[in-house]
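The next block holds one structure in the form of structure tokens; read it before the comments.
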Amino acid sequence: MPKLTIDGQQVEVEPGLTVLQACQQLGIEIPHFCFHERLSIAGNCRMCLVEMERSPKPIASCAMPVAEGMVIRTNTPAVQKMRHGVMEFLLINHPLDCPICDQGGECDLQDQAMAYGFDRSRFQENKRAVAEKDFGPLIKTFMTRCIHCTRCIRFATEVAGVPELGATGRGENMEVGTYVEKALSSELSGNMIDLCPVGALTSAPYAFTARSWELGHTESVDVLDAVGSSIRVDSRGPEVMRVLPRLNEEVNEEWISDKTRFAYDGLKRRRLDRPYLRREGRLQPVSWAEAFTAIAERIKGTSGDRIAAIAGDLVDCEAMLALKELMTTLGSPHLDCRQDGARLDGARRAAYLFNTTIAGIEETDACLIIGSNPRVEAAVLNARILKRSRAGRFPVGVVGPECDLTYPHRNLGDDTSVLLDLASGTHEFSKVLDKAERPMLILGMAALVRPDGDILLGLARDIAEKYGMLDEAAGWNGFNVLHTAAARVGGMDLGFLPGDRGRDLHGILDGASGGDIEVVYLLGADEIDMSRLGSAFVIYQGHHGDAGARRADVVLPGAAYTEKNATYVNTEGRVQRGRLSVYPPGEAREDWKIPRALSEVLGMALPFNTLEELRARMLEVNPVFSEIDVVQPVPWGPFGRAGKPDGMPLTLPDTNFYMTDPICRASNTMARCSETFLNQDLKKTGTDA
């Protein structure tokens, strides 16, 4: 490892680091704007200039790799004069917008101007002005403030994989924008707001609503997909004002999807804030006592075989366990957390996890994607695949319809016979998997929700075993299931699945439409076919007035993910904790408390009264909940079903990325995104809207 001297201190650093990074390891602050450790080096801003011995000119520390024997000086009078000069040039055209700029209080330019800038300007000419750009409904632009650091351009190309931004012109006439005016079509575009070191790119929904110092901060996790991104929820009083990413190298690095970032306005619209009871065909507000009494009267005398429960996609583990305990007490074996009907078996944990882990994607050297579009289903995870692809020598094969994944891939067709050929080793892509040292596969929900989903699951297991995706000695497991629901893995870990002679989702719906199931408890379940519930008595517990609430006979208001202390398990099996940021509105309650209170009215009180007691019960049900934010290795074994697929082609659901759950469907911002990008796609394809 090279040794160098920085400000009189000798330091040994890893080869390949830049001088700027070496200085940071010593705790020496080097001002910079264009450098970002996750982006390629640009060397635009020149703010990081330092002196190097035997160099005739100052060097840009962000672009200079360390070398043996270097002598660096970072705080000489000459370096200070350089920084003053660079800052003066940067501020020549920068408008005096600080009092009205949303970046105020969080602005790198403000901070560095205070530390390294002059107290006056010597520039007498008029400042330049740049027309604002239309980047869509999420990003508000003030391009006159732009200092041409090109972070946004590099992010769009290198992380998001959508090279829609660039620079035109030179010098003072240079402008950053899209070459053809259009909205940015990346699912990760909001991260440019965090990357922008000035106020050129700001959040359009958040514009002029709050100042950063007014907000309370709560560290939590996202539940709008199954990745479980680490987030920070910023709130003021009873309202969530914005959602930002938290650094988590193992999961989302420092990125979040646009849905995670901007759907928060849906948390205050169409909310259920009091219980409702259907009387004379209409839902009418009632007290909790009246709602529980109505449920008790309907359940009284009903056999447990005629009662069922379905858990939705955003539900926390505590609520699912409380409801499962209640159903068990009532004698009902009819439970299911697989709201989409996925043919997954809870008997073996390795069969339903992303076993490679999200960070492990960077170690693989070949990938097979089956029935999935990760760009839509897990945008942050897809960015990790793109990161691996950009590192080189990473063949990707896709079984399913052709789609834009943002990285090079080979489409192997949508015929399920491809899986048979891969399992037998006769397919052309078999040679690629054979040569790979650490291959992986990703099995999506589109393959698992089919009637032959368990057969496709078995074929995927055969492929994993045939091509060495399971190397226990090296700690490598390349078999992965990509979930789309934040509640799915936790529900399966808790056994929220059909018991002995119990019905699954399809069995429950068939029983309800046929009259065999008389009472159905929907725990945040909104994505099922409500018309198949027939004349069953429907209890809906949730936080939004979505499809489930419209069908319900009794509505019990619960809490959204920002309004409770709750446990979730992401697609890789990582147990995570979400934390209360604001309190639920009106008479709504934390979700686990509702089945507990109902059990008392039914005369069969559940044996826990506090969250701690309930979590202790979770540990009894499954020890996996003992470790937080850790992926535990799981044993391999047989799963799936042998057989031949039914011959139907693999299709992907027509999923609107911005409208996947009740929170997003209640969000005005997501509605604008849906309208903008739907119209943009129609224009692109030439379809008449």
Side-chain angles (χ1 to χ4, degrees), residues 223 270-272 274-278 283 291-292 294-296 298-299 302 304 306-327 330 332-342 485-488 490-491 494 496-498 502-513 516-561 588-599 602 660-663 665-666:
V223 303
R270 297 170 59 183
R271 291 302 303 271
L272 300 174
R274 66 185 68 184
Y276 289 86
L277 177 63
R278 190 173 296 278
L283 287 173
F292 283 160
I295 295 171
R298 183 61 184 83
I299 289 179
T302 303
R306 293 179 170 273
I307 303 173
I310 302 171
D313 293 346
L314 309 182
V315 184
D316 58 280
C317 293
E318 289 85 353
M320 283 188 282
L321 181 58
L323 182 57
K324 179 191 174 188
E325 298 282 290
L326 177 60
M327 291 294 114
L330 292 170
S332 170
H334 311 309
L335 303 162
D336 207 341
C337 64
R338 300 163 299 185
Q339 188 178 209
D340 53 10
R488 186 66 47 78
L494 291 169
F496 201 96
L497 297 165
R503 296 172 180 258
D504 62 6
L505 174 80
H506 297 294
I508 292 170
L509 295 179
D510 290 341
S513 59
D516 295 329
I517 298 293
E518 297 180 9
V519 178
V520 180
Y521 198 121
L522 300 180
L523 180 59
D526 293 282
E527 316 303 327
I528 63 174
D529 185 357
M530 299 296 169
S531 65
R532 294 181 62 191
L533 291 174
S535 60
F537 183 79
V538 177
I539 305 162
Y540 177 79
Q541 176 183 330
H543 40 74
H544 276 76
D546 209 75
R550 288 195 293 271
R551 170 57 186 85
D553 295 288
V554 178
V555 175
L556 306 176
Y561 72 103
R589 297 291 180 266
E590 289 189 48
D591 286 282
W592 72 268
K593 294 181 178 180
I594 297 174
R596 171 63 184 83
L598 177 59
S599 70
L602 294 173
T660 54
D661 56 77
I663 296 175
R665 288 191 287 269

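Side-chain atoms are counted along with the backbone in the values below, which use heavy atoms only and exclude waters and symmetry mates.
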Sub-4.5 Å side-chain heavy-atom contact between I310 and I528 |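 With C-beta onward as the side chain, the pair touches.
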Check whether any side-chain heavy atom of Y276 sits under 4.5 Å from a side-chain heavy atom of L556, and report yes or no.
->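 The answer is no; the side chains never approach within 4.5 Å.
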Where [X] and [Y] come nearest, the two heavy atoms and their spacing:
X: A552; Y: V555; answer: CB-CG2, 3.8 Å
X: M320; Y: A487; answer: CE-O, 3.5 Å
X: C317; Y: G490; answer: SG-CA, 3.8 Å
X: A309; Y: L323; answer: CB-CD2, 4.0 Å
X: L272; Y: A549; answer: CD1-CB, 4.2 Å

For E590, all residues meeting salt bridge (Lys or Arg N to Asp or Glu O under 4.0 Å), sequence neighbours excluded | none
Looking at residues at least two apart in the chain, or sitting in another chain, which of them share a salt bridge (Lys or Arg N to Asp or Glu O under 4.0 Å) with R274?
-> none
Using modelled atom types and a 3.5 Å cut-off, is there a donor and acceptor pairing between side-chain atoms of [X] and backbone atoms of [Y]?
X: S332; Y: M327; answer: no
X: R270; Y: R665; answer: yes
X: Q541; Y: P557; answer: no
X: D546; Y: G548; answer: no

Between atom [atom1] of [X] and atom [atom2] of [Y], what is the distance when rounded to the nearest 0.5 Å?
X: F537; Y: T302; atom1: CZ; atom2: OG1; result: 9.5 Å
X: L598; Y: I299; atom1: CG; atom2: CD1; result: 6.0 Å
X: I517; Y: I307; atom1: CD1; atom2: CD1; result: 9.0 Å
X: W592; Y: L523; atom1: CH2; atom2: CG; result: 14.5 Å
X: L330; Y: L602; atom1: CG; atom2: CG; result: 6.0 Å
X: S531; Y: L509; atom1: OG; atom2: CG; result: 9.0 Å

V315, V223, L314 screened by side-chain contact (heavy atoms from CB on, under 4.5 Å) with Y561, the one that passes |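 It is V223; the other options fail the test.
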Output, in order, the C-alpha distance, side-chain angles, deciding distance and verdict of side chain to side chain contact (heavy atoms under 4.5 Å, CB included) for L533 and S513.
-> CA-CA 5 Å; L533 291 174; S513 59; over 6 Å; no
Salt-bridge test for E325 and R596: reply yes if a basic N is under 4.0 Å from a carboxylate O, no otherwise.
->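 Not counted as a salt bridge, because no side-chain N and carboxylate O are separated by less than 4.0 Å.
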Does the pair D553/R551 count as a salt bridge with the N-to-O cut at 4.0 Å?
-> yes
Check against side chain to side chain contact (heavy atoms under 4.5 Å, CB included), M530 and R550 = CA-CA 9 Å; M530 299 296 169; R550 288 195 293 271; over 6 Å; no
Do any side-chain atoms of residues 334-342 form donor-acceptor pairs under 3.5 angstrom with protein atoms, and if so which ones, sequence neighbours left out?
{"from": "H334", "atom 1": "ND1", "to": "R503", "atom 2": "N", "distance (Å)": "3.0"}
{"from": "H334", "atom 1": "NE2", "to": "D305", "atom 2": "O", "distance (Å)": "2.9"}
{"from": "D336", "atom 1": "OD1", "to": "R338", "atom 2": "N", "distance (Å)": "2.9"}
{"from": "D336", "atom 1": "OD1", "to": "R338", "atom 2": "NE", "distance (Å)": "2.8"}
{"from": "D336", "atom 1": "OD2", "to": "R338", "atom 2": "NH2", "distance (Å)": "3.3"}
{"from": "D336", "atom 1": "OD2", "to": "L505", "atom 2": "N", "distance (Å)": "2.7"}
{"from": "R338", "atom 1": "NH1", "to": "L344", "atom 2": "O", "distance (Å)": "2.6"}
{"from": "Q339", "atom 1": "OE1", "to": "D526", "atom 2": "N", "distance (Å)": "2.8"}
{"from": "Q339", "atom 1": "OE1", "to": "E527", "atom 2": "N", "distance (Å)": "2.8"}
{"from": "Q339", "atom 1": "NE2", "to": "D313", "atom 2": "OD1", "distance (Å)": "2.9"}
{"from": "Q339", "atom 1": "NE2", "to": "D313", "atom 2": "OD2", "distance (Å)": "3.2"}
{"from": "D340", "atom 1": "OD1", "to": "A342", "atom 2": "N", "distance (Å)": "3.1"}
{"from": "D340", "atom 1": "OD1", "to": "R488", "atom 2": "NH1", "distance (Å)": "3.2"}
{"from": "D340", "atom 1": "OD2", "to": "R488", "atom 2": "NH1", "distance (Å)": "3.4"}

Any chance you could lay out the side chain to side chain contact (heavy atoms under 4.5 Å, CB included) test for I663 and H544, step after step, and finish with the verdict?
-> CA-CA 7 Å; I663 296 175; H544 276 76; 3.8 Å; yes
Before giving the answer on side chain to side chain contact (heavy atoms under 4.5 Å, CB included), spell out for V554 and Y521 the whole-Å C-alpha distance, their side-chain angles and the decisive distance to 0.1 Å.
-> CA-CA 10 Å; V554 178; Y521 198 121; over 6 Å; no
